[in-house]
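Notes for the one structure printed next.
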Amino acid sequence: MKAEAEGDEGDRQAEGGTEQVQDVRSWLRGLEVFAGPLADFDPDAAPADPVALFLDWLRAAVAAGVPDAHAMTVSTVAEDGDPDARVLILKNVDRTGWQFAAHAGSPKGRQLSGHPRAALTFYWPLQGRQVRLRGAVEPASAGQSAADLLARSESARAEVLLGRQSGHLESAGERERAFQDALARVESDPRLVSPEWTLYTLVPVHVEFWQADKGRLHNRLRYERPDPASTWRRHLLWP
């Protein structure tokens, strides 16, 4: 009888787990997407260079009040070959490429050293827009990287000096003590920078602009080139 009771309890727990999964699935399917009003996009009117179109979309997102419109997902390849991703802030964009910064000793810095390629993804839900980029990543000079770090706040620079990103932390107190020591160093030497702080430029060979459509016939336009010295070619993509 005891074994039967334990079996019944296990069945009930299994059924409860299944119901919970189904409830989450139903809940997710019920969430609204592309609530709109969505932005317009005419691929035929797109400029020859993707930088101009990207800046138009970014400015439109900022004007519409999209929070952190200059935030992007940076995807890299880890040492074991697995993908890795995190959200960073865009530093600059010009005809050379899209810039972001990181500590060279951080996981992403080590990954870019071993496999200097990455993908960037921007998403602006209020317009139903997404921009995806892929290409090689090039580190800037030490002087350019230092200038980028010196433009940051004292607390941000102190955090960089810790140099322990993603390492195991014993306690919040340990972190606070290390941060206060680093902040004191920055305050006593306003020109102090971490030599491992690196400004990176992603030089894209693919830039895709994705515009959502409520009927799911999404507009996709990809700029492609075999190498940075080549001229961009534009191609429409199936949804």
Side-chain angles (χ1 to χ4, degrees), residues 51 54-55 58-59 61-63 65-80 82-124 131 133 135-204 228:
V51 171
F54 174 83
L55 290 176
L58 177 59
R59 291 187 183 104
V62 172
V66 175
D68 302 326
H70 57 330
M72 60 189 176
T73 300
V74 180
S75 302
T76 52
V77 179
E79 293 88 338
D80 57 7
D82 285 345
D84 201 358
R86 74 290 293 162
V87 176
L88 298 180
I89 295 297
L90 178 68
K91 293 288 187 175
N92 188 35
V93 57
D94 55 28
R95 295 190 181 278
T96 302
W98 278 247
Q99 290 186 341
F100 60 93
H103 193 288
S106 67
K108 52 186 169 292
R110 297 195 303 269
Q111 291 163 8
L112 288 170
S113 177
H115 189 86
R117 302 188 68 81
L120 308 181
T121 307
F122 295 84
Y123 180 52
W124 302 306
V131 180
L133 305 95
V137 176
E138 301 174 354
S141 68
Q144 291 172 314
S145 297
D148 175 80
L149 183 56
L150 288 171
R152 294 163 63 91
S153 67
E154 288 186 344
S155 59
R157 289 159 52 203
E159 187 273 332
V160 171
L161 287 175
L162 297 179
R164 305 179 189 181
Q165 190 177 92
S166 300
H168 290 177
L169 177 67
E170 292 298 326
S171 68
E174 178 190 21
R175 179 188 61 198
E176 181 64 21
R177 288 189 295 273
F179 175 76
Q180 291 301 326
D181 288 344
L183 184 59
R185 292 174 60 197
V186 171
E187 291 172 344
S188 64
D189 183 0
R191 304 298 297 176
L192 179 63
V193 297
S194 168
E196 293 190 289
W197 185 255
T198 306
L199 188 65
Y200 295 97
T201 300
L202 183 139
V203 184

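What you see is a predicted model; the values in this text were computed from it and never measured. FYI, the numbering just counts along the sequence from 1.
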**Request:** Grab the two heavy atoms, one from Arg157 and one from Leu192, that are nearest each other, plus how far apart they are.
**Result:** NH2-O, 3.5 Å
**Message:** Run the side chain to side chain contact (heavy atoms under 4.5 Å, CB included) test against Pro116 and tell me which residues pass, sequence neighbours left out.
**Reply:** none
**Prompt:** Among pairs that include at least one residue of residues 181-191, which meet salt bridge (charged side-chain N to carboxylate O under 4.0 Å, His left out), considering only residues two or more places apart or in two chains?
**Reply:** none
**All side-chain hydrogen bond (donor to acceptor under 3.5 Å, both in side chains) counterparts of Ser155, not counting sequence neighbours** = Ser153
**Item:** Under the side chain to side chain contact (heavy atoms under 4.5 Å, CB included) test, residues paired with Asp80 that sit two or more places apart
**Value:** Ala78, Asp82
**Message:** I'd like to check the side chain to side chain contact (heavy atoms under 4.5 Å, CB included) partners of Ala69; sequence neighbours left out, ordered by chain and number.
**Reply:** Leu58, Ala61, Val62, Val66, Trp124
**Item:** side chain to side chain contact (heavy atoms under 4.5 Å, CB included) against Ala147, all qualifying residues, sequence neighbours excluded
**Value:** none
**Message:** Working to the nearest 0.5 angstrom, can you tell me the gap between Leu90 CG and Asp68 CG?
**Reply:** 12.5 Å
**Complete:** Note: Ala182 and Ala158 closest approach over all heavy atoms is CB-O, 3.4 Å
**Prompt:** Does the side chain of Leu169 reach to within under 4.5 Å of the side chain of Glu174, using non-hydrogen atoms?
**Reply:** yes
**Request:** Return the set of residues passing side-chain hydrogen bond (donor to acceptor under 3.5 Å, both in side chains) with Glu170 (not counting sequence neighbours), or none when no residue passes.
**Result:** none
**Prompt:** Would a distance-only check, ignoring hydrogens and angles, find a side-chain to backbone donor-acceptor pair under 3.5 Å from Asp94 to Gly97?
**Reply:** yes
**Validation row: Gln180, Leu183 side chains within 4.5 angstrom (heavy atoms)** = yes
**Message:** How close do His70 and Phe122 get, counting heavy atoms only, and between which atoms?
**Reply:** O-CE2, 4.2 Å
**Message:** Enumerate the ring pair (Phe, Tyr, Trp, His ring centres under 6.0 Å) contacts for residues 179-202, please, sequence neighbours excluded, ordered by first and then second residue.
**Reply:** Phe100-Tyr200
**Prompt:** Taking only residues two or more places apart in sequence, or in another chain, which ones meet Arg86 in a side-chain hydrogen bond (donor to acceptor under 3.5 Å, both in side chains)?
**Reply:** Thr76, Asp84, Gln111
**Prompt:** Is there any side chain to side chain donor-acceptor pair (under 3.5 Å) pair reaching into residues 97-109, and which pairs are they, with sequence neighbours excluded?
**Reply:** Gln99-Thr201, His103-Glu196, Lys108-Gln165
**Message:** Testing the basics here: between Ala101 and Leu88, what is the closest heavy-atom pair and its distance to 0.1 Å?
**Reply:** O-CD1, 4.2 Å
**Message:** For a 4.5 angstrom cut-off between non-hydrogen side-chain atoms, does Leu120 reach Thr73?
**Reply:** no
**Side-chain donor or acceptor of Ser194 paired with backbone N/O of Leu161 under 3.5 Å** = no
**Fill in**
In short, Ser145 meets Leu199 closest at the heavy-atom pair OG-N, 2.9 Å
**Message:** Is there a side-chain contact (heavy atoms from CB on, under 4.5 Å) between Val74 and Val87? Walk through the geometry before answering.
**Reply:** CA-CA 6 Å; Val74 180; Val87 176; over 6 Å; no
**Sequence neighbours excluded, every pair satisfying salt bridge (charged side-chain N to carboxylate O under 4.0 Å, His left out) that has a member inside residues 109-119** = Glu79-Arg110
**Request:** Please identify each residue that fulfils side-chain hydrogen bond (donor to acceptor under 3.5 Å, both in side chains) with Gln144, with sequence neighbours left out.
**Result:** Ser141
**Request:** Walk me through it: do Val193 and Leu150 pass the test side-chain contact (heavy atoms from CB on, under 4.5 Å)?
**Result:** CA-CA 7 Å; Val193 297; Leu150 288 171; 3.4 Å; yes
